[in-house]
Structures are given as C-alpha cells and as structure tokens.
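Reading through the structure tokens given below for one structure.
The first residue of the sequence shown is numbered 1, and numbering continues consecutively from there.
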Amino acid sequence: MSKKFFIKNIGTLYQVRTSLHKLTGSEFGKVPALHNAWVSVEGGRIKAWGRMDEFSGFAVGRDMEVIDADGASVLPCFVDAHTHVVYTGSREAEFVMRLQGKSYEEIARAGGGILHSAEKLRKAEENQLFEESVERVKMMIKNGTGAIEIKSGYGLSLESELKMLRVIQRIKNHFPVPVKATFLGAHAVPGEFKNNKAGYIQHLIHEMIPAVGSEKTADYIDVFCENGYFTSEETIRILEAGMRYGLKPKVHAEQLSHSGGISAGVRCGAVSVDHLEYANDEDIALLKESETIPVLLPGAQWFLGLKNPPVREMISAGLPVAISSDFNPGSCPSGNMALMMAMACTMYKLTPEEAYNACTVNSAYAMDVQNYCGSVTKEAKAHFIFLKKGYSLTSLAYYFGMPVIDKVFIADRFF
Ligand code: NIG
Ligand code: FE
C-alpha cells in the first residue's frame with residue numbers, strides 16, 4: 001500500500017502553481033506562496049494542499065502519517081540540470097595552480113583539466129566510482145536537490161564512457177530522485193587522438209554514439225563547444241549523430257570564448273545551452289526564436305573567475321533563464337544549489353524569487369522533468385526542502401553557505 005502523509009502547520013508553502021509553463025517576463029520574478037498551509041502526499045506524489053484555517057478536516061486516517069512543520073517553511077526541491085558528479089579523485093592541485101596564476105586553459109593544455117580526470121577515471125574500478133559518486137549525490141540531496149542530470153565525459157573511450165553511463169544508471173536506481181543521463185564523449189579529445197581530432201570525431205560518430213544509442217543508457221548528447229575542444233561545425237555533426245539514436249542535444253556553449261555553441265545548439269533544437277558567459281545579442285535573438293533553455297552555471301563562473309553572462313539582457317528579452325550547479329572536479333566542486341542561488345543574486349542581481357524560479361521550474365524544463373519536479377502541482381513528486389524555523393526563501397540566498405535547510409523530504413522519507 002502506498003504511504004500517505006499529511007504535512008501540516010507549514011509557515012509558507014512556496015511555488016504553488018495550478019498551471020505549468022516556462023517562467024519569463026514578470027512571472028519570472030514571482031513565486032506564488034500559501035501561508036499557514038498544509039499539503040497531502042500519497043505514493044510519493046502531491047495530492048492536495050490548502051490553508052490550515054480553511055482545512056475542512058478530510059479523513060486524516062490511521063494510514064496517514066502526520067508531519068508537523070511547526071511553522072517552518074517548505075518549498076519544492078531544486079532541479080540541477082547540469083552536473084558531472086560521476087568522477088574519481090579531486091583536482092585540488094590544479095585549484096592551487098590557478099590560485100598561483102595559471103589559467104584553466106593553460107592547465108588543460110599541459111595535460112591537466114578534463115584529461116587529468118579521464119586518466120583517473122579510466123583506471124578506476126566501477127564499484128569504487130559508484131561509491132564515490134553516491135556520496136556526492138547524497139550531499140546534493142541533503143542540500144535540497146530533488147532531480148539531477150549527470151553527464152559522462154571523463155571516459156573519452158568507448159569502454160570508459162560506457163562504464164560512466166552504467167554508474168549513472170546505478171545512481172538512478174539507487175536514489176528516489178529523478179536522474180537523467182547525458183553522453184558527453186565530446187568533452188575533450190583524448191591523448192591517443194592528440195593529433196587526430198578528426199579521427200576521434202569519426203570514432204565518436206561511428207563507434208561510441210551507436211553503442212550508447214543501442215544500450216539506451218543516455219537521454220541526451222552534449223558537446224563542449226570551445227576553442228581547443230570542438231568547433232561549432234563539429235558540434236553540429238556530433239549532435240546530429242546523437243539525434244539519429246534518439247539522444248536529445250545539449251551544448252556547453254560560450255563559456256571561455258564566443259565559439260558558436262548557442263547557434264549550433266539552436267540549429268539542432270537543443271533542450272538547453274549551458275554556461276553562456278560570452279553570449280551576445282545575436283545569440284539572445286536566436287534563443288528567443290527557439291525552445292532552447294539558457295542554463296547559467298554561476299558556480300563554475302565564480303570558481304574560474306569568468307565574466308558574467310548577459311543575464312539581465314536574456315531576462316529582458318523574455319528568455320526562460322535556468323540555473324544549475326555544474327558540479328565537477330575542475331570548474332565547480334560544489335553541488336549546493338542554495339549557494340548557486342546566492343551567487344546568482346549577488347553576481348547577476350537576480351532577486352531571490354528570480355533565482356529560485358531559475359533553480360526549479362525553468363531548470364526542470366532543461367532536463368524534461370517539468371511535469372513532476374520543481375513546483376507544488378497536483379501529482380508532482382513530493383520532494384520538499386524544510387527550512388529551519390524562521391527562515392524564508394530569501395534566507396536561502398542571504399545566508400549564503402549556511403545550513404538554513406533543516407531536512408529534505410523525498411517521496412516518503414527524510415534526508
Ligand atoms: O562544465 N566546460 C567543460 N566542462 C566542465 C568542466 C569539466 C572539468 O574541468 O573537469 C564545465 O565547466
Ligand atoms: Fe559542465
């Protein structure tokens with residue numbers, strides 16, 4: 001029998017919505033809320049909600065567990081639509097090198113960066129990779145994340161990319177939160193193809209993508225479109241090859257330079273284009289004519305000391321801006337979405353409501369979970385952040401890095 005819960009005495013229940021769509025314009029700044037509220041849950045899904053003072057007292061039967069929020073506020077979990085959380089070892093030494101003046105690109109050219117993580121991952125045993133990654137996902141859930149996209153891209157060989165995708169599938173089966181998998185074989189050119197990028201692209205298109213496609217272990221295909229990685233034209237070819245196997249496109253776009261990732265992504269009907277520090281007015285106009293979600297990754301931007309993307313311009317143009325963490329060992333060793341909210345507020349001057357909408361409803365669209373994650377709607381997954389008493393949605397950003405989250409309810413248990 002599916003478990004029932006009645007959560008009562010909620011100070012403020014945030015993100016209560018009757019209809020769902022991407023949030024743009026004036027709606028982007030509003031988070032509909034209900035004060036002094038209750039919500040009922042059955043089988044891990046939200047069934048009903050209302051105000052305590054209007055509660056008609058439906059049968060709170062013996063089969064229903066009552067959770068008393070005691071005046072604390074409750075809000076839907078964050079949706080993190082861009083992570084590389086499956087990896088092994090850290091890149092702390094490179095962090096220190098960057099503090100001493102080396103750039104991300106210089107470190108990568110010297111064999112560090114993505115290739116360094118690939119070297120470690122290829123040697124790692126699958127179970128060890130799984131155990132390490134599970135610990136990170138647990139931390140993410142405890143920090144309020146209720147849906148996660150995870151990319152491959154530290155294998156860069158057929159065998160190791162498939163190993164990563166298997167680990168992502170195991171994570172999906174291990175946790176009660178939705179997990180989407182992205183094949184990112186085009187994250188970098190591996191050492192054995194150092195002077196033969198064309199050869200690696202052939203290998204990607206004719207060996208790796210067909211294998212990934214037939215195993216059906218990935219939902220999306222992604223490419224790092226960047227100087228020294230993959231060009232806009234190569235990005236299109238790789239995305240199109242993936243699309244032939246049912247993989248939906250995503251792009252790492254305009255992070256370190258303007259490389260044409262947005263136009264490649266829009267042309268292929270990408271679900272999202274992510275990073276966007278070097279996006280320009282033409283890119284914004286292209287996005288405006290598309291269904292592609294622009295995903296900002298303020299943690300990676302901050303950690304690498306990059307410039308701001310044109311965020312207010314995107315919002316003014318009516319784009320449904322989303323925010324995610326990019327949790328990875330090189331450019332953002334954090335999957336703390338409340339911290340991403342805080343950064344979006346201080347760096348982009350988003351209001352806490354705008355930042356929260358970008359981290360929930362809009363980011364849900366960036367990983368196709370909008371119908372059941374990121375808002376309080378009928379039949380949505382009951383994934384809730386319980387704040388400590390006296391704290392609000394604004395507190396999540398204001399007390400940056402502080403543990404204002406008391407506990408996280410996922411379907412039928414607390415994390
Ligand atoms: O999203 N930009 C490319 N990929 C990652 C960084 C990966 C790494 O440095 O390991 C990112 O920032
Ligand atoms: Fe990334």
Side-chain angles (χ1 to χ4, degrees), residues 1-23 27-79 141 144-148 175-178 337 352-353 356-357 359-365 367-396 404-415:
M1 199 182 61
S2 62
K3 254 175 135 174
K4 295 181 188 170
F5 295 88
F6 180 68
I7 308 173
K8 66 175 186 178
N9 298 326
I10 299 171
T12 302
L13 178 64
Y14 292 97
Q15 203 64 300
V16 179
R17 295 185 180 270
T18 43
S19 72
L20 276 175
H21 45 266
K22 296 171 187 167
L23 300 175
E27 272 193 309
F28 183 58
K30 291 187 197 122
V31 176
L34 212 52
H35 302 292
N36 191 22
W38 59 268
V39 59
S40 68
V41 174
E42 187 179 337
R45 302 274 176 169
I46 297 170
K47 291 292 160 181
W49 58 88
R51 288 176 52 108
M52 288 304 290
D53 52 11
E54 289 164 7
F55 179 54
S56 54
F58 64 72
V60 178
R62 244 179 261 151
D63 58 340
M64 197 176 243
E65 194 175 310
V66 177
I67 297 170
D68 191 346
D70 192 25
S73 291
V74 169
L75 59 177
C77 281
F78 301 118
V79 174
I141 297 174
T145 296
I148 310 173
F175 289 102
V177 301
M337 287 291 282
E353 287 78 12
Y356 181 66
N357 280 335
C359 290
T360 51
V361 174
N362 285 353
S363 54
Y365 277 92
M367 59 177 283
D368 296 304
V369 295
Q370 66 275 8
N371 293 331
Y372 50 93
C373 288
S375 62
V376 176
T377 39
K378 218 167 151 42
E379 295 301 326
K381 289 195 179 280
H383 295 179
F384 295 117
I385 294 169
F386 281 61
L387 295 177
K388 286 183 178 155
K389 224 172 144 176
Y391 293 91
S392 66
L393 181 152
T394 300
S395 313
L396 274 172
V404 302
I405 294 176
D406 178 29
K407 53 193 174 186
V408 176
F409 183 82
I410 303 286
D412 62 359
R413 65 185 122 133
F414 282 106
F415 277 77

Least distance between heavy atoms, [X] atom then [Y] atom:
{"X": "Arg45", "Y": "Tyr372", "value": "NH1-CB, 3.6 Å"}
{"X": "Val39", "Y": "Ile10", "value": "CG1-CD1, 3.7 Å"}
{"X": "Lys389", "Y": "Gly71", "value": "CG-C, 4.3 Å"}
{"X": "Phe6", "Y": "Met64", "value": "CB-SD, 3.7 Å"}
{"X": "Met367", "Y": "Pro178", "value": "CE-O, 4.4 Å"}
{"X": "Lys381", "Y": "Cys373", "value": "CD-SG, 4.5 Å"}

Using a distance-only test with no angle check, is there a side-chain donor-acceptor pair under 3.5 angstrom linking [X] and [Y]?
{"X": "Asp70", "Y": "Asn9", "value": "no"}
{"X": "Glu27", "Y": "Asn357", "value": "no"}
{"X": "His21", "Y": "Gln370", "value": "no"}

Determine, stepwise, if the pair Val74 / Ile385 fulfils side chain to side chain contact (heavy atoms under 4.5 Å, CB included).
-> CA-CA 6 Å; Val74 169; Ile385 294 169; over 6 Å; no
Any side-chain to backbone donor/acceptor pair from [X] onto [Y]? Under 3.5 Å, distance only.
{"X": "Ser363", "Y": "Cys359", "answer": "yes"}
{"X": "Thr377", "Y": "Arg17", "answer": "no"}
{"X": "Lys378", "Y": "Lys47", "answer": "yes"}

Phe409 vs Phe414 aromatic rings, parallel, tilted or perpendicular, using cut-offs 30° and 60°?
-> perpendicular
In terms of ring plane angle, is the pair Tyr356 and Phe78 parallel, tilted or perpendicular, where the classes change at 30° and 60°?
-> perpendicular
Kindly check if the number of other-residue, nucleotide or ligand heavy atoms within 6.0 Å of NZ (Lys30) is above 12?
-> no
Lys4 and Asp63 ion-paired at < 4.0 Å | yes
Does the side chain of [Y] come within less than 4.5 Å of [X]'s, by heavy atoms?
{"X": "Lys22", "Y": "Val361", "answer": "no"}
{"X": "Lys8", "Y": "Val66", "answer": "yes"}
{"X": "Trp49", "Y": "Ile7", "answer": "no"}

Apply side chain to side chain contact (heavy atoms under 4.5 Å, CB included) to Val177 and Thr145, showing your working.
-> CA-CA 9 Å; Val177 301; Thr145 296; over 6 Å; no
Value rounded to 0.5 Å, distance of [atom1] in [X] from [atom2] in [Y]:
{"X": "Leu34", "Y": "Glu54", "atom1": "CG", "atom2": "CD", "result": "8.0 Å"}
{"X": "Lys388", "Y": "Lys407", "atom1": "NZ", "atom2": "NZ", "result": "11.5 Å"}
{"X": "Cys77", "Y": "Met337", "atom1": "SG", "atom2": "CE", "result": "10.5 Å"}
{"X": "His383", "Y": "Phe415", "atom1": "NE2", "atom2": "CZ", "result": "9.0 Å"}
{"X": "Arg51", "Y": "Leu13", "atom1": "CZ", "atom2": "CG", "result": "11.5 Å"}

What residue among Val376, Ile410, Leu75, Val408 forms side-chain contact (heavy atoms from CB on, under 4.5 Å) with Phe384?
-> Val376
Pick from Leu20, Thr18, Val16: which one makes a side-chain contact (heavy atoms from CB on, under 4.5 Å) with Ser375?
-> Leu20
Looking at residues at least two apart in the chain, or sitting in another chain, which of them share a side-chain contact (heavy atoms from CB on, under 4.5 Å) with Ser73?
-> Thr12, Tyr14, Leu387
